[in-house]
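For this chain, numbers begin at 1 and follow the sequence in order. Below, all heavy atoms of this structure are taken into account, side chains as well, without hydrogens, waters or symmetry copies.
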Amino acid sequence: MQSKAQSPEEYMNSLPEDRKLAMEKLRNTVLQNLPKGFKETIGYGMLCYVVPHSTYPNGYHCDPKLPLGFLSIASQKNFIAVYHMGIYSDKNLLDWFVSEYPKHMKTKLDMGKSCIRFKKVDQMPYELLAELFRKMTVEDWISKYEAALSQHSKQR
């Protein structure tokens, strides 16, 4: 369910009524807790939070015209998704999140490599997500990203 919205406001206005409240609360949680330096944009039909070219001119290695992505949130067909590259790239952060999740939720964690899925949109652990969003700064993310790129080049 990829949106064709061209701005965050257009994305939010295009959401179905049954998703608006949860997505507004999630977006506000991101905006209030993500460390300074990330910029809200639209990418891949989702709300994205990126490291702008003004901070990291190299951009995303697969397409340097794109800023370096970090976090996305989206209303998908059957769930709301949080895509967090910090969880994907930092085992300690992943382990922390997995161990904290049951303290906030009774439902089983539904997660892929970087994707956390919430099927019951009226039951999202906003406080836990806020804490997750605060845990990695722009500088932390750039360091992790460059270390992963360096490791990948050595394996070639």
Side-chain angles (χ1 to χ4, degrees), residues 1-3 5 7-9 11-12 15 18-56 59-62 66-152:
M1 201 165 117
Q2 198 169 26
S3 173
S7 72
E9 292 71 27
Y11 180 88
M12 294 302 292
L15 293 171
D18 65 332
R19 296 290 181 89
K20 274 190 179 170
L21 189 60
M23 282 296 292
E24 283 173 3
K25 191 166 182 180
L26 180 58
R27 180 185 184 206
N28 286 334
T29 301
V30 172
L31 292 172
Q32 291 168 8
N33 291 281
L34 202 60
K36 291 195 184 314
F38 291 103
K39 179 182 176 193
E40 184 180 55
T41 66
I42 290 288
Y44 308 100
M46 303 180 275
L47 291 177
C48 294
Y49 301 86
V50 302
V51 180
H53 282 103
S54 59
T55 302
Y56 190 71
Y60 178 50
H61 72 281
C62 292
L66 296 175
L68 178 58
F70 175 64
L71 173 72
S72 299
I73 60 174
S75 175
Q76 304 292 15
K77 184 177 179 183
N78 296 312
F79 53 87
I80 287 180
V82 174
Y83 302 90
H84 192 285
M85 293 307 294
I87 281 181
Y88 178 77
S89 65
D90 185 330
K91 183 172 175 2
N92 291 332
L93 187 57
L94 171 63
D95 291 347
W96 169 83
F97 185 80
V98 170
S99 71
E100 285 295 312
Y101 187 87
K103 298 173 187 174
H104 296 262
M105 297 291 291
K106 290 183 176 26
T107 57
K108 182 180 176 211
L109 178 59
D110 183 359
M111 189 171 165
K113 287 184 178 182
S114 74
C115 176
I116 308 160
R117 293 176 283 274
F118 299 99
K119 291 183 179 144
K120 295 183 178 183
V121 300
D122 60 333
Q123 297 177 21
M124 293 177 59
Y126 295 104
E127 287 178 25
L128 176 62
L129 292 170
E131 193 171 346
L132 171 65
F133 300 153
R134 288 191 297 266
K135 286 197 175 281
M136 192 170 280
T137 65
V138 167
E139 295 78 15
D140 295 336
W141 174 229
I142 291 170
S143 292
K144 285 273 179 209
Y145 178 76
E146 288 183 340
L149 275 183
S150 174
Q151 188 67 22
H152 181 70

Exam field: side chain His84 to backbone Ile87, donor-acceptor pair closer than 3.5 Å | yes

Residues passing the side-chain hydrogen bond (donor to acceptor under 3.5 Å, both in side chains) test with Glu131, sequence neighbours excluded, are none

If only atom types and distance count, is the side chain of Arg19 paired as donor or acceptor with the main-chain N or O of Val121 below 3.5 Å?
-> no

Smallest separation among heavy atoms of Cys48 and Ile42, with atom names | SG-C, 4.4 Å

Does any pair with a residue in residues 134-146 pass salt bridge (charged side-chain N to carboxylate O under 4.0 Å, His left out), and if so which ones, sequence neighbours excluded?
-> Asp90-Lys144

d(Ile73 CD1, Thr29 OG1) to nearest 0.5 Å is 8.5 Å

To the nearest 0.5 Å, atom OG of Ser75 lies from atom CE of Met46 at 12.0 Å

Flag if over 12 foreign heavy atoms under 6.0 Å of CG, Leu31 = yes

Check Phe70, Phe38, Phe133, Tyr88 against Trp141 for a ring pair (Phe, Tyr, Trp, His ring centres under 6.0 Å) and give me the one that passes.
-> Phe70

side-chain hydrogen bond (donor to acceptor under 3.5 Å, both in side chains) against Lys91, all qualifying residues, sequence neighbours excluded | Asp95

Aromatic centroids of His61 and Tyr145 separated by under 6.0 Å = yes

Sidechain N-carboxylate O distance under 4.0 Å for Lys103, Glu100 | yes

Spatial distance of atom CG (Leu71) from atom CG (Leu129) [nearest 0.5 Å] = 9.5 Å

Heavy-atom count around Lys20 NZ within 6.0 Å, excluding the residue itself: above 12?
-> yes

From Lys25 NZ over to Met124 CE, what is the distance, rounded to the nearest 0.5 angstrom?
-> 9.5 Å

Which distance, rounded to the nearest 0.5 Å, do you find between the CD of Glu127 and the CG of Leu132?
-> 14.0 Å

